[in-house]
Amino acid sequence: MIKYSYNTLVYAGEDIETSIARLSKFGYDGVEFVGEPEQQDRVLIKELLSKYSIAASTICAIYNPERDVISSRKEIRKNAVEYIKSCVDFAQFIGATGISLTPTACMKIHQEADRKTEFSWAVEGIKEAGTYAGEHGVRITVEPWNRYENYFINRMEQSLELVHAIDLPSVGCMGDTYHMNIEEVDIGDAIRLAGDKLYHLHIADSNRAAPGRGHIDFNPVKKALQDINYSGYLTMELLPAFADPFNGVRCEEFYDQYTEESIVFLKNLFKEEA
Ligand code: LER
Ligand code: MN
């Protein structure tokens, strides 16, 4: 059974109770939280999730130059693994089942060492974090990002190659339809390629707005998810149309309007063939 959640990153500047209450009101099963464990009140979050009868789905971890799993600097690689472990502790506390991961800093588009060396750092770091995650009942999901945000893992086949090399049940693949629309030949085929290793999926249209507001055809996405018997979360990760969408500017339509519209769109999509 597919479940729906929404990434609260776009609810910039809002108090967390308002965000959780909104998602509960519009019928979401879960909430995806930003991976800044030090800045979040996990006790309050847990209370609010219970108050509004909604689950924590996942943690969207944030990778920057200080948290880079394949940095050429050993202390930065170590810092990245410690950061993922702190997200695991946060996830376990609030009951989230997964943490998204890409091995490098967001917006890093140049490699620091040859691919083979960087790949071996990725395997080493994610194996350590993934083992810790598995021991705490949490899964790590490797997310390909488009070429303008990252150079290392851009397509599902690369995520799968890394996941196979890590070889842990607690580490799988994830997709994001916004990135996939840019990098994959066929989004449905990429989902089928991951198969039972697809642990999580971010949903946004081609312009990162609510599904239905861009030009992605979500029918093949639905078909592929059905083909692999996907039963995880579909998490809306919607972001404003800025070059730097993380700048905290409040965009009104991403609050009530897109939150409601997205779940209505996806529930209709999946209802049609039922
Ligand atoms: C994160 O899930 C993502 O998709 C990237 O674009 C960085 O936010
Ligand atoms: Mn994403």
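One-based numbering, in listed order, for ligands and for the atoms of each.
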Cut-off under 2.8 Å, centre the Mn ion (ligand 2), protein N/O/S atoms: E143 OE2, D176 OD2, H202 ND1, E237 OE1
Residues which pass side chain to side chain donor-acceptor pair (under 3.5 Å) with D186, listed by chain and number, not counting sequence neighbours: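 D186 satisfies side chain to side chain donor-acceptor pair (under 3.5 Å) with no residue once adjacent residues are dropped.
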Looking at F242, I want to see if its CZ is surrounded by more than 12 non-hydrogen atoms of other residues, nucleotides or ligands under 6.0 Å. yes
Nearest non-hydrogen partners of D205 and Y178, listed with the distance: O-CD1, 3.8 Å
Between Y255 and Y11 (judged by ring centroids, cut-off 6.0 Å), do the two rings come close enough to count as a pair? yes
Beyond-backbone contact of V10 with Y258, side-chain heavy atoms, under 4.5 angstrom: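 Answer no - side chains too far apart.
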Which pairs of nitrogen or oxygen atoms, taken one from ligand 1 and one from the protein, are under 3.5 angstrom apart?
unit_1   : atom_1 : unit_2 : atom_2 : d
ligand 1 : 2 (O)  : E143   : OE1    : 2.7
ligand 1 : 2 (O)  : E143   : OE2    : 3.1
ligand 1 : 2 (O)  : H202   : ND1    : 3.2
ligand 1 : 2 (O)  : E237   : OE1    : 3.2
ligand 1 : 2 (O)  : E237   : OE2    : 2.9
ligand 1 : 4 (O)  : E143   : OE2    : 3.2
ligand 1 : 4 (O)  : D176   : OD2    : 3.1
ligand 1 : 4 (O)  : H179   : NE2    : 2.8
ligand 1 : 4 (O)  : R208   : NH2    : 2.9
ligand 1 : 4 (O)  : E237   : OE1    : 3.0
ligand 1 : 6 (O)  : E149   : OE1    : 2.6
ligand 1 : 6 (O)  : E149   : OE2    : 3.2
ligand 1 : 6 (O)  : H179   : NE2    : 3.0
ligand 1 : 6 (O)  : R208   : NH1    : 3.2
ligand 1 : 6 (O)  : R208   : NH2    : 2.8

Do K108 and Y151 meet the cation-pi criteria used here (NZ or CZ under 6.0 Å from the six-membered ring centre, within 45° of the axis)? no
Residues in salt bridge (charged side-chain N to carboxylate O under 4.0 Å, His left out) with R67, at least two apart?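 R67 satisfies salt bridge (charged side-chain N to carboxylate O under 4.0 Å, His left out) with E36 only.
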Derivation of the ring pair (Phe, Tyr, Trp, His ring centres under 6.0 Å) call for F26 and Y6: CA-CA 11 Å; F26 287 128; Y6 195 100; 9.4 Å; no
Check for a donor-acceptor pair, side chain of Y83 on one end and backbone N or O of I62 on the other, with a separation under 3.5 Å. yes
